[in-house]
**Q** 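Before we start, here is the structure in question, set down as structure tokens.
In what follows, chains are A, B, ... by sequence order, proteins preceding strands, each numbered from 1.
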Amino acid sequence: MNIFRLFGDLSHLAAIAILLLKIWKTRSCAGVSGKTQLLFAVCFITRYIDLFLHFVSLYNTEKVMKLIYISASVFTCYLIFFKFKATYDGNHDSMRAEFLIVPAAGLACLINTKFDAIEILWTFSIYLEAVAILPQLFLISKTGEAETITSHYLFAQGSYRALYILNWIYRYHYESHVDTIAIVAGVVQTILYCDFFYLYITKVVKGQKIVLPA
Amino acid sequence: GYYKYKHDEL
């Protein structure tokens, strides 16, 4: 474990917590893409499938973190699609998730480390995570604005994989560890946040709200 | 030797 991965995981946890708090406190999921949250839940379930297959005692933080990610993302989907369904902005959350799931599944069958079920699921999860934020960014571009708290969520979510890139550089240099598929997908994922990062740094940090040119 | 490919990251 290195500092980059530690802060990456903390940033990811913060993102999940910020979103849960925003929905719970405002009792509304306006401005939040339910599809993105569904895709994240699928990512966690397919990536941590080993938790369900051979249940091991929660002997280390990694198992606990995996359970937190899965339960928090499923709970977030419950809040969006059931509890606060009335506030879900369905007609702006209109990016076709199938256009993300099918290519990720196809690519996972073509480019993977080992052609076995668990590995394919893991690879699918990595590819899907890289593009899972697109419905959320699409929704913001359609509504033309993002609540400040939602911007903080996006910043934390984007920073997590950016920090993981630093973690991979560190591990390549000190442990000569390379996980090419995760690295390529992580770079693509982080690039998708670039224009949001620019808006966040230039606007939100100064206390302004993000308003996209409609 | 056989290297068990394991993803050790979240």
Side-chain angles (χ1 to χ4, degrees), chain A residues 1-2 4-13 16 40 43-44 46-51 60-70 73 112-116 118-126 129 160-161 163-168 170-171 175-183 185-186, chain B:
Chain A
M1 174 61 89
N2 59 66
F4 304 112
R5 199 164 126 210
L6 175 67
F7 278 95
D9 291 334
L10 290 176
S11 178
H12 198 185
L13 271 179
I16 292 170
F40 280 143
C43 285
F44 291 136
T46 51
R47 191 176 306 182
Y48 305 142
I49 198 94
D50 57 310
L51 284 180
N60 72 359
T61 49
E62 192 179 298
K63 296 278 175 295
V64 175
M65 289 281 275
K66 289 178 177 180
L67 275 178
I68 290 173
Y69 285 164
I70 290 176
S73 61
N112 51 61
T113 315
K114 211 169 38 166
F115 197 84
D116 77 29
I118 301 285
E119 190 60 28
I120 299 272
L121 280 175
W122 178 86
T123 310
F124 164 67
S125 155
I126 289 287
E129 185 189 359
Y160 130 71
R161 216 61 181 171
L163 286 162
Y164 255 71
I165 293 172
L166 299 180
N167 152 66
W168 289 321
Y170 177 93
R171 294 191 73 183
E175 304 163 21
S176 58
H177 168 284
V178 176
D179 193 342
T180 314
I181 286 176
I183 293 171
Chain B
Y2 173 68
Y3 168 63
K4 172 81 186 84
Y5 196 88
K6 181 177 177 333
H7 305 293
D8 60 354
E9 295 177 342
L10 288 177

**Q** With a 4.5 Å heavy-atom cut-off, do B/Asp8 and A/Arg171 have their side chains touching?
**A**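 They are in contact (side-chain heavy atoms under 4.5 Å apart), so the answer is yes.
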**Q** Considering only heavy atoms from C-beta outward, does the side chain of A/Asn167 approach that of B/Glu9 to under 4.5 Å?
**A**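 Counting from C-beta outward, A/Asn167 and B/Glu9 do come under 4.5 Å.
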**Q** Between A/Tyr69 and chain B, which part of the residue has a heavy atom less than 4.5 Å away: side chain, backbone, both or neither?
**A**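 The side chain, not the backbone.
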**Q** Identify the two heavy atoms, one from A/Arg47 and one from B/Leu10, that lie closest to each other, and give their separation to 0.1 Å.
**A**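 Closest heavy-atom pair between A/Arg47 and B/Leu10: NH1-O, 3.6 Å.
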**Q** In chain order, what residues pass the salt bridge (charged side-chain N to carboxylate O under 4.0 Å, His left out) check against A/Arg5, with sequence neighbours excluded?
**A**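 Once residues adjacent in sequence are excluded, A/Arg5 has no partner under the salt bridge (charged side-chain N to carboxylate O under 4.0 Å, His left out) criterion.
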